[in-house]
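Counting convention: from 1, in listed order, for ligands and their atoms alike. Hydrogens, waters and symmetry mates are skipped; everything else that's a heavy atom, side chains included, is used.
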Amino acid sequence: MLNVENVSTYYGQICALDNVSIKVEEKEAVSVIGSNGAGKSTLLKTIIGELRPKNGDIQLSGRSIINEKTFKLVSRGMTLVPEGRHVFPLLSVWDNLLLGGYTIPSRERHQRAEEVTEPFPILRERKDQLAGLLSGGEQQMLAIARAMMTSPRLLLLDEPSMGLSPKLVYEVYEKISDLHLQGTTILLVDQNAEMAIDFCSRGYVLMAGSLVGHGSKSELKESEIVHRSYLG
Ligand SMILES: Nc1ncnc2c1ncn2[C@@H]1O[C@H](COP(=O)(O)OP(=O)(O)OP(=O)(O)O)[C@@H](O)[C@H]1O
Ligand SMILES: [Mg+2]
């Protein structure tokens, strides 16, 4: 479904991704783990077209998307839930959802907002409240529901557990798991390596912009480097 081939991305002279290749098959859940500054967010931003790689190719369902604009990629079934949630704090919960549906016809947006909030009753209860007044976990739920407005087949998640209490982390992962069970393919980045590895069937390890490992869930758990660097 998604094929990232030898991609390098720079910020000016700084190489943030160096010759990275990853694959995600239809219906899979795949993790990318790595510490601060490893290049995880850069990878997701490059995939969704917010950053242009200097070399390499990215294909979605067999077609190169390297020159596609982000909104085109969203219409083609790929959405990013960015790091730090980025809900619009001064807009209502409902208006945040409607904005997430910017690529679908406006007459369908309310109906779709009803559908995506079905697993998130709290968002329905708070639909007219300013999004900035939601708790961290609720904002994360809103960011995920908003990303679902365009019915993505591939959902890119950047640090969904960041800043959340253990209980909320568990709740957020439960929701992501439901979306996965309903058929959404997931590419997940999380500094919480244990959660990410456990959730996904396979994963990649990124260090200072380079891939240093990949494997199945059990291979990652047994890997010396993963243990030493991320699982303590
Ligand atoms: N806009 C930018 N301009 C210059 N350098 C940047 C920019 N964004 C990121 N970088 C650098 O690129 C590298 C990779 O950053 P990135 O945000 O992808 O890391 P990350 O793995 O997502 O880290 P974290 O876990 O802290 O979110 C880092 O060295 C970072 O300082
Ligand atoms: Mg990041």
Side-chain angles (χ1 to χ4, degrees), residues 2-24 29-58 65-66 68-70 73-74 78-88 136-137 139-144 146-147 152 154-166 168-169 172-173 176 185-200 202-215 220 223 225-232:
L2 178 74
N3 195 6
V4 176
E5 272 178 1
N6 305 115
V7 160
S8 300
T9 302
Y10 285 72
Y11 295 104
Q13 300 292 315
I14 304 168
C15 178
L17 277 187
D18 187 11
N19 209 27
V20 167
S21 301
I22 70 166
K23 265 189 186 166
V24 182
V30 173
S31 64
V32 177
I33 59 170
S35 44
N36 286 122
K40 305 180 300 295
S41 299
T42 302
L43 174 61
L44 296 189
K45 286 179 188 164
T46 305
I47 293 170
I48 199 76
E50 283 178 22
L51 295 170
R52 294 274 165 234
K54 195 166 176 186
N55 334 92
D57 193 22
I58 304 176
I65 54 168
I66 210 87
E68 290 277 24
K69 299 241 170 21
T70 301
L73 296 175
V74 171
M78 180 160 68
T79 305
L80 168 68
V81 180
E83 186 176 327
R85 306 184 269 273
H86 293 293
V87 302
F88 299 102
Q139 288 187 27
Q140 187 60 267
M141 306 282 187
L142 175 56
I144 294 170
R146 186 178 60 185
L154 173 59
L155 188 61
L156 312 176
L157 289 157
D158 196 350
E159 308 271 4
S161 71
M162 190 162 69
L164 303 184
S165 68
L168 280 179
V169 170
V172 166
Y173 266 86
I176 301 170
T185 308
I186 306 252
L187 180 60
L188 169 75
V189 157
D190 212 317
Q191 267 192 60
N192 188 334
E194 204 164 353
M195 282 304 282
I197 291 172
D198 256 330
F199 181 80
C200 296
R202 286 191 307 119
Y204 295 88
V205 185
L206 202 52
M207 201 178 266
S210 297
L211 277 184
V212 294
H214 66 101
L220 288 175
S223 146
I225 178 166
V226 171
H227 240 272
R228 193 158 18 91
S229 309
Y230 308 105
L231 297 179

**Study point:** Whether Ser8 side chain and Asn19 backbone form a donor-acceptor pair below 3.5 Å
**Key:** yes
**Study point:** Backbone N/O of Met162 and side chain of Gln191: donor-acceptor pair under 3.5 Å
**Key:** no
**Study point:** From CA spacing to verdict: side chain to side chain donor-acceptor pair (under 3.5 Å), Thr9, Thr42
**Key:** CA-CA 8 Å; Thr9 302; Thr42 302; over 6 Å; no
**Study point:** Shortest non-hydrogen separation from Gly137 to Leu164 and the atoms involved
**Key:** N-CD2, 3.5 Å
Check your understanding: Is a side-chain donor or acceptor of Lys40 paired with a backbone partner of Gly34 at a separation under 3.5 angstrom?
Key -> yes
Review point. Between the side chains of Tyr173 and Asp190, does any donor sit under 3.5 Å from an acceptor?
Key: yes
Check your understanding: Do side-chain atoms of Glu83 reach the backbone of Asp158 as a donor and acceptor pair under 3.5 angstrom?
Key -> no
**Study point:** Check: Ser31 side chain, Leu188 main-chain N or O, donor-acceptor pair, under 3.5 Å
**Key:** no
**Study point:** Amino acids contacting ligand 1, non-hydrogen cut-off under 4.0 Å
**Key:** Tyr11, Ala16, Ser35, Asn36, Gly37, Ala38, Gly39, Lys40, Ser41, Thr42, Glu83, Glu159, Gln191
Revision key, fill the gap. Counting only protein N, O or S atoms and ignoring waters, those under 2.8 Å from the Mg ion (ligand 2) are Ser41 OG, Glu83 OE1
Check your understanding: Quick one: CD1 on Ile58 to CG on Asn3, what's the gap to the nearest 0.5 Å?
Key -> 9.5 Å
